[in-house]
Each structure stands twice: as C-alpha cells, then as structure tokens.
Amino acid sequence: MKKNVTRKDFLMKTGRAAVGITAVAGLSSLVTTANTQAKTKLTPWPWPYTSLDAEAVRIQAHNFYWNDKDCSSGTFGGIISALATAIGDPWTNLPMEVMLYGRGGGNAWGVLCGCLNGAAALISLVTTKAQSGPLINELWGWYEQAELPTTQANQVAINGQYLVHNFDQDLPQNVSGSPLCHASVTEWCLTANKKVSDVERKERCARVTGDVAAKTVEILNAFFAGTFTSTYVDPASVTACLSCHGSAVFNNVMTKMDCTPCHGDPHNPQAVETIGATASAFKLSQNYPNPFNPSTTIRFSIPQTEKVRLEIYGIQGNLIKSLVDYDLYQQGSYEVVWDGRDNHGNRVSSGIYFAKMKAGKFAQTKKMNLVK
Ligand code: HEC
Ligand code: HEC
C-alpha cells in the first residue's frame, strides 16, 4: 500500500534536510538568515539612515555600474551597501538588484534616467511620502540643469581613484535639460561624437551613476542634519505653460519636465521664409550678420523632404530657443530670423550661441556671436 506523506512527516523531512544543508559550508548563513527573518519583526518604514561619505559612495556606485549592476542598481547599491556597513539590518537584507529594471531608463526604454530612478527609490525608503517629494525634486531638478558628468566625476577618474579603470581620461560634459535617459544619453553622444556602444559612453554613465549617488547622499545628509533647503525652482517655461495647461485652468497636462525641449513654443511659431525651391545637399549656413545685435538670419537647405529641427543653444549646451521644431519641409532653401530671445520671450545676454540643425541623419552646428 502506498504510504501518504503526512504534513508532519513532510515538515520533519524538510527540517532534517535543512539541518543537512546547514552543514554545507557557505550555505549556512543563508539558512540562518531565513530562520532569523521568520523570528524578527520587519523594520518599519521609513528605514534608518545615517550620514554617509558622499565620495566613498560615488566610487562604490561607479564600481557597481561596471560590475553588472548598471545605472539604477549602481546608484541604489552604492548607497545601500554603505548603509549596510554603517547600520547593518535591515540594509543587509535588501538586494540592490531590485532596481535592475531601471537600467537604460527602464529596461533600455530611455524613459526616466536609471540613476534617478534608483536614487528616488532609496529616498522613498528612508523618508515619509511628504518628505520625499522636495528631496526628489531637488535631485531631479539638479540633474536637469547640471553639466554631466560633473567636473568632480571627471577629476576622480583623472586621479585614478575609481576601482574600475576602463577609461580614466576627461570626458565631455553636457546639460540635457531633461530627466529622461533618452535625452541625456543621446544629447551626450552627439556632443561627444560617440556611439551608445562606445566605452566612453558607458564610462560617462558610470560617472553619472556616481554623481547621482553622491548628490543623493549630500541631500540626505543635509536633510537628516536639519540643514536641507530646497534650491530647485520649476523652469520658467513650466510655470508659464502650466499657467494655462495646469490644474488651475485646463488641467490637461501633468509634468514637471521643461516643456520647451519637446514642444518649443507652439503658440509662437517662428516665421520661416522659403528662398529657393531646389537644393542639392543638406546645409546650415553661417548666420548673418555675425556678430549681431539684436537679431540675425539663419539659412538652411535640404535636398529632400525631411523633418527639420533648428535650435539655438547656449555655451553650456542648454537649449535657448527652438526656431524650427521638428516640422516637415520639402526640398529647398529656407531662412529664419532669430530675434535674440529665448523660448520664454526674454532677451538673452551677449555671448556665444550655437545654431544647431538636425534633419534625418544630418546634423550641423554654427557658432554665433551676440554683442551688445
Ligand atoms: C494663455 C494660455 C496658454 C499658455 C500660456 C500656453 N498654452 Fe498651450 N494651448 C492653449 C490653448 C487655448 C490651446 C488649444 C486648446 C486645446 O486644443 O485644447 C493650447 C494648445 C496647446 C498644444 C496642443 C496644440 C498645438 O498647438 O500643438 C500644445 C502642445 C501646447 N498648447 C503647449 C504649450 C506649451 C509648451 C506652452 C508653454 C510654452 C503653452 N502651451 C502655453 C493655451 C495656452
Ligand atoms: C519629453 C517630451 C515632452 C515634454 C518635456 C513635454 N511634453 Fe507635452 N507632449 C509630448 C508628447 C510626445 C505628446 C503627444 C504628442 C502628440 O501625440 O502629438 C505631448 C502632448 C502634449 C499636449 C497635447 C498635444 C495635442 O496635440 O493636443 C499638450 C497640451 C502638452 N503636451 C503640453 C505640455 C506642457 C505644457 C509641457 C510642460 C509643462 C509638456 N507638454 C512637456 C512630449 C513632451
């Protein structure tokens, strides 16, 4: 007759099996952890935080990036491993891999920068809902406006202080104006003339992983020391655009991202004149007059129907004005006047500006000089 395994038998057998496993070196800690976890109470949220060394966390986050944790778990892991050392439980029981999905802006979808995702998860673990909002705004707002990787991140590489040395030289910096992985990485690739697959691009993201981890630690250290003050203010375009599209009026747009890199100013499209119906090549001509004040004319040509973008950037790579905002043009030559105003209608100060044209795979930049 077949003997049924009773619940009691089963428990005894597995119990014995567990004892067997305990004897195997290396696995014992696993079993002990499982046993203690069953007995101990879960640490209530928010979890404990203690002041950390931002520069040590930077180096660890950079290290994790290169050791298969990528950006999101890299930032998150850099901080939780420091907390595990400083505090122990509950940080020792949290796998940094929970944030792996955040890599490449969310499984390579290029949405929210993975570093920002990992950092915000950590902030949400150690603060209440009401506290986390301003801290996350501060971090994401900083990221949107910062030159990345920071000069400090580059300096650590030049000094040979990272643990991974795939590329230790200086790297170009750019201001992406966006918390999106896609905008941040793509703009950097264009600025640096590198491919996504290049070691320099990976090292760039490794340094940004360290930058975001270090900045998060700075913010949290200040917050828990009672010295945090928020410096982030919404970009002027967000305030201006949301004065109609926001909750007070239409209530049909929900974002804190700067509107103008994606939309330009759709209510004040710049007049583009057609000056010729044929063109044999893509071309962005030098503006005239140059130097100029207050306005200057920019000509471009396209040899085939193409969506065109023509934008003015500041010396730090920040978008100033969208003259042509991804609009479809037929073959021909065109000209547009830039009146020396930014997307918010404010006159810009004297200095160097760049006209940047993109049409299909074509991209060209011209340097312009506004004098006053
Ligand atoms: C004075 C109020 C007002 C302000 C300020 C404003 N809008 Fe609008 N916007 C409107 C109205 C009205 C519409 C048309 C309503 C509709 O279609 O729902 C519209 C439509 C749009 C549309 C969709 C239609 C289109 O023309 O492409 C976009 C995109 C848009 N606005 C973006 C912006 C951005 C970006 C800003 C800031 C630079 C902004 N708006 C500022 C009132 C405003
Ligand atoms: C990362 C790019 C991005 C940013 C930043 C952004 N938008 Fe959009 N927005 C889009 C896309 C993409 C759509 C969908 C466009 C479409 O389907 O034509 C859209 C749609 C809209 C629409 C409806 C458009 C329509 O054709 O009716 C409005 C209005 C709008 N956005 C306003 C804003 C405002 C205001 C801001 C800033 C507070 C903003 N957006 C920030 C990308 C962006």
Side-chain angles (χ1 to χ4, degrees), residues 71-72 102-117 120 133-134 136-148 174-191 196 205 208 212 230 232-272 305-314 316-329 336-348 356 358-360 363:
C71 49
S72 200
R103 67 189 181 277
N107 208 25
W109 278 58
V111 193
L112 175 62
C113 162
C115 311
L116 295 182
N117 200 343
I136 294 172
N137 278 348
E138 185 71 10
L139 180 73
W140 294 12
W142 161 81
Y143 179 99
E144 201 175 70
Q145 312 293 334
E147 283 196 70
L148 296 174
N174 75 310
V175 180
S176 76
S178 172
L180 295 177
C181 162
H182 162 60
S184 176
V185 171
T186 307
E187 289 290 327
W188 186 85
C189 285
L190 290 178
T191 306
V196 171
C205 287
V208 173
V212 173
S230 159
Y232 175 74
V233 279
D234 286 327
S237 63
V238 171
T239 316
C241 307
L242 292 185
S243 70
C244 288
H245 290 281
S247 57
V249 189
F250 300 152
N251 205 0
N252 58 4
V253 172
M254 186 179 71
T255 181
K256 290 176 81 69
M257 290 192 290
D258 190 350
C259 323
T260 48
C262 295
H263 289 290
D265 185 351
H267 301 296
N268 292 299
Q270 213 71 19
V272 178
T305 302
E306 198 62 82
K307 280 209 157 189
V308 178
R309 230 182 246 274
L310 179 58
E311 295 166 326
I312 310 295
Y313 285 85
Q316 301 199 316
N318 47 319
L319 178 71
I320 303 283
K321 174 78 187 178
S322 302
L323 293 170
V324 177
D325 187 32
Y326 206 51
D327 296 321
L328 199 60
Y329 282 87
V336 56
V337 174
W338 180 40
D339 61 4
R341 290 179 188 274
D342 65 16
N343 272 328
H344 319 303
N346 303 317
R347 262 195 198 295
V348 299
K356 204 166 166 183
K358 288 180 209 163

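Both ligands and their constituent atoms are indexed starting at 1 by order of listing. Heads up: numbering here begins at 1 and tracks the sequence.
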Protein heavy atoms: any of them under 4.0 Å from atom 25 (C) of ligand 1? no

My question is simple, although I want it checked carefully: is atom 40 (N) of ligand 2 less than 4.0 angstrom from any protein heavy atom? yes

Quick check for you: to the nearest 0.5 Å, what is the distance between Glu144 atom CD and Asn318 atom CG? 12.0 Å

Mark up the atoms of ligand 2 that fall under 4.0 Å of a heavy atom belonging to Leu180, in ascending order. 1 (C)

What pairs with Tyr329 under ring pair (Phe, Tyr, Trp, His ring centres under 6.0 Å), at least two apart in sequence or on another chain? Phe300, Tyr334

Give me the nearest non-hydrogen protein atom to atom 42 (C) of ligand 1 as residue plus atom name, then the distance to 0.1 Å. Phe250 CE1, 3.5 Å

In ligand 1, which numbered atoms sit nearer than 4.0 Å to a non-hydrogen atom of Ala240? 5 (C)

Which residue and atom name correspond to the protein heavy atom nearest atom 5 (C) of ligand 2, and how close is it? Asp258 O, 3.1 Å

Protein contact for atom 34 (C) of ligand 2 (heavy atom, distance under 4.0 Å): yes

For Ser72 versus Gly114, what's the shortest heavy-atom pair and its separation? OG-O, 2.9 Å

Given a cut-off of 2.8 Å, the protein N, O or S atoms lying below it from atom 8 (Fe) of ligand 2 are His263 NE2

Quick one: ring pair (Phe, Tyr, Trp, His ring centres under 6.0 Å) partners of Trp338, sequence neighbours excluded? Phe292, Tyr353

Tell me whether atom 20 (C) of ligand 1 lies less than 4.0 Å from at least one protein heavy-atom position. yes

Strictly inside 4.0 angstrom of atom 15 (C) of ligand 1, do you find any protein heavy atom? no

Considering all protein heavy atoms, does one lie under 4.0 Å from atom 9 (N) of ligand 1? yes

Would you list the protein N, O or S atoms within less than 2.8 Å of atom 8 (Fe) of ligand 1, leaving out water? His245 NE2, His267 NE2

With a 4.0 Å cut-off, would you call Lys307 and Asp327 a salt bridge? no

With the threshold set strictly below 4.0 angstrom, can you tell me whether any protein non-hydrogen atom sits that near atom 12 (C) of ligand 2? no

Closer than 4.0 Å to some heavy atom of Met257 - which atoms of ligand 2 meet that? 1 (C), 5 (C), 37 (C), 38 (C)

